[in-house]
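See below for the structure under consideration.
Order of the sequence lines fixes the chain letters, A, B, ..., with proteins taken first and strands second; residue numbering starts at 1 for each chain.
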Amino acid sequence: MIKYNPLKIEQKWQNFWEKNNTFFSKIKKNLKKYYILEMFPYPSGDIHMGHVRNYTLGDLVARYKRANGFNVLHPMGWDSFGLPAENAAISNKVHPKTWTEKNIQNMKTQLKKMGLSYDWTKELSTCSSNYYKHEQKIFIEFYKKGLAYQKETIVNWDPVEQTVLANEQVIEGRGWRSDAKIEKKRMKGWFLKITDFAEELLEDLKALKNWPEKVKLMQKNWIGKSFGAHIDFHVEEINDKITVFSTRPDTLFGASFIALSPDHKLVNKIKKNYPSLNKELKKLNLNNTNEQNLDRIEKIGIKTSLKASHPFIKNKLIPIFIANFVLIDYGTGAIFGCPAHDQRDFDFAKKYNLEIIEVVCKEENQKRKSKLTKAYTESGYLTNSDFLNGLTVNDAIEVSIKRLEELNLGSKSINYRLKDWGVSRQRYWGCPIPIIYCKNCGIQTVPEKDLPVKLPENINFQNSGNPLSSQSDWINVKCPKCSKDAKRETDTFDTFFESSWYFARFTDPNHEDAINEKQADYWLPVDQYIGGVEHAVLHLLYSRFFIKAMNRIKLINISEPFKSLQTQGMVCHQTYKNNNNEWIFPKDIRKLNDKFFSINDNQMVLPGRIEKMSKSKKNVVDPNIIISKYGADTARFFILSDSPPQRDMEWTDEGVEGASRFLNKVWQLINSNDFTNIPFQQVKHINENDFHIFSCTFKTIEKVTKAIDDFHFNIAIANIRSLFNELNLYKTETENDMIIKKFCISNFLILLNPICPHICEEAWHVINNKQSISDISWPRVDISYLDEDQITLPIQINGKRRGEIKISKSFNEKEIQNLALNHKNVSRFLNEPPKKIIYIPNKIINIVI
RNA sequence: GCGAGCGUGGCGGAAUAGGUAGACGCACUGGACUUAAAAUCCAGUGACCAUAUGGUCGUGGGGGUUCAAGUCCCCCCGCUCGUACCA
């Protein structure tokens, strides 16, 4: 028998698919389309296990849908702008373009070895001007429609990377890549009006039936819709007003102070008459007041000399503070404090000795004897509140807003936590923002005929900051309007810009316009999107917004990009440390009697926690090594077999060995008989054994189909293995047996094919089926084999299992009861007649005594 | 703090219109083959009791509903993820 040689057969079939354009996709109007997409990778140079998992999941779905008669689009490309290329340019003196292109070549070679059913003619790379030129046009369209604008804001400045980060890129006050402490800085930048779509983004979540609830909830919280009122507090002294947002206008009679964010515009105004204010502001410890660590610092404020008028109480003046806990980015950057009913305000009032006026109590007309020890934030009835007295909180909110509106001092309003998306990055390796600044004409967009604005190729990376800003030959241009000297925008786009629409571009990546309407209308939306849960709010929300914005400028006809979403768990591995507390790679370890030793110096190594594979902890396994040792089919099989896709999985040597052992056994089974002259057809069963193997086969088809539809691939594999065990037990004595066995093995191979396509193609070929298994339809279930006449029925006494009987389904209830009562282990419990017998047909019989 | 999810053998995990808990695999143990080991094949494998037919216990803990609970309800504990002075 020929030995199973995965490397040889994998190469063979990969060549076959490529030569035959097996996975090339085009519009076929008579077929139902299916667009399956995995999140495209950043080309770091080498694939890792996370990629292997993600792409294996997608490939299984692609091949499965294809077998089920769908017209499948399954593309792959490269999210190829981004900082690592630039860092490599600085440290290795390689041009980002050269570095990136080399990485893409490497990764593509590695991906091809996995045998993924991509249509490589759809490949795209976002750093190519053929891709980003469309992005520039889209941006200009957005700008013209008011969806893109420039403003000065306070940004998160990463002093190491010399760039602005999005809030999402700041983790606990530190840059997500550099880990440097983030500073606040005022800067001009370009923004996309995602807030324009806040309501739509929130509302449309409801229609995303096949998205994980968890992801939808995260997006909902991120958008952060709240109902309340804007309220104006007049400050007579300076003839100005402070507008606050509040969800609790009902507590206005309990207001005892106003607090402004240190970044509030009025603070600047106050500074003029208050020279020492700058000094005092420093005391607020503002460098620590980013959103992440606010809760760890003390709530402190500066009392200004100003007072504001209460909207409802004549002549009542409320002191105005500047406080460190008021956020400029949320609401209006100013609040009114009601200490009795908000814990933050309560703490603040205690510290500065401010009034604590109780205006809501649990019971109507409740009189409190003792002082409040903490804020009362629950619902109740209004008190001490003039015209609101006796109303419930909800009613009081309505009434107070109505009164504010009558007084022209406020209005009902809805506030969102969501902020506009800042897209400017002070970086070279990104898409240039197509804007020209002219002293006379102001901001000008680059005329269409001059697009794309290409990145200059000769560039010096040795200066700090954005290399583009020192590139004078590139910066200096003529104004498109007045033709006088002008300058280019030197910022480039956030790389989330590219990934927000690539899935639409995949439908025709070489079309002269951004979107080929005909192709997009046919293929979009993406039917199944698969990727890491870490993109739950960033990439997925931006993409949803982008599609809605592109829809508004009539570039696209859909309003949601991803019909169904699956998020995969992480690939984990045991960590190891040596005596010097250094991490050790798993490949440098050998196991001996449950202990671990370093291969290099034979020192004992201690096993640590099982954690997400990461380079820093060295608990990584290189997929390339696995594939060259065991083959892609083994890697694919193992990564799907042990855990459900949504959950984290542990990569183990034993698991891989197990997968490899299974495929070797499959190989043996195929080669143990000569099937070459046996026809592939379903014949009638003659005896019970034949019936049994048919029954197993069809039951397995049914179970595997359901498991795949449910995204429970580990269960699909368990069932495939069970069928395999049965096939191994099936003895072939006659020609008819051989026909039956070939039929069942063939079906087994079709089920296994989406998981391990190479070995299945080869096996299919070995048993002398002529076509490629990739062109074979998913098997149908012959339901006549699902129903077995003989079944085993468990017998319970008082819910405890005491035995089982073999019954025929044709037996009536009386017959079954008699059989059960006379069962020898059952009868010995029956000292008296049973009180009750419960029979659930074909499931169980329970005798109550 | 809030929100979500999870908790089943030594391990990964099966099983929810309530109906034989532990499928499938990993690890382990015994046997076969071998001079030997590896590989492979066969058998066993939740715990405890019993020579055995069998019995008792058992799905984080406690209570409840039911003929019957991993599954439904209430309380508690633990872990993971998300998120946070959101006014």
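Rounded to the nearest Å, the gap between the P atom of B:U8 and that of B:G1 is 24 Å. For the P atoms, the distance from B:A21 to B:U56 is 13 Å, rounded to whole Å.
With A:F662 as the aromatic partner, A:R721 meets the cation-pi criteria of under 6.0 angstrom to the ring centre and within 45 degrees of the ring axis.
Nucleotide B:G7 is matched to B:C77 when pairs are restricted to Watson-Crick or G-U wobble geometry with both distances under 3.5 angstrom. With both pairing distances under 3.5 Å, B:U83 is matched to B:G1 as a Watson-Crick or G-U wobble pair. Nucleotide B:U35 forms no Watson-Crick or G-U wobble pair with any nucleotide shown, as no partner meets the under 3.5 Å limit on both distances. Base pairing analysis places B:C57 opposite B:G46; the two distances defining the Watson-Crick or G-U wobble pair are each below 3.5 Å. Base pairing annotation: B:A14 forms no Watson-Crick or G-U wobble pair, as no partner gives both donor-acceptor distances under 3.5 Å.
Heavy-atom distances under 4.0 Å link RNA chain B to A:I335, A:R344 of residues 335-349 of chain A, given in residue order. Of the residues in residues 713-731 of chain A, those with a non-hydrogen atom less than 4.0 angstrom from any atom of RNA chain B are A:N714, A:I715, A:A718, A:R721, A:S722, A:N725.
Listed for the A:K351 side chain is no donor-acceptor partner under 3.5 Å among the backbone atoms of A:I300. Between the side chain of A:T567 and the main chain of A:V533, no donor-acceptor pair closer than 3.5 Å is present. For A:N825 (side chain) and A:R802 (main-chain N/O), a donor-acceptor pair under 3.5 Å exists by modelled atom type. Looking only at distances, a side-chain donor or acceptor of A:W667 sits under 3.5 Å from a matching main-chain atom of A:I2.
Nucleic acid contact for A:K665: sugar-phosphate only, since backbone atoms but no base atoms lie under 4.0 Å from a heavy atom of the residue.
A close approach under 4.0 Å does not occur between any side-chain nitrogen or oxygen of A:R828 and OP1 or OP2 of B:G54.
For A:E654, the side-chain atoms get nearest to B:A27 when compared with the rest of B:G55, B:A27, B:U53.
A donor N or O paired with an acceptor N or O is found under 3.5 Å between the base of B:C85 and the side-chain atoms of A:K299.
Under the 3.5 Å distance criterion, with hydrogens and angles disregarded, a donor-acceptor pair is assigned to the side chains of A:E657 and A:Y630.
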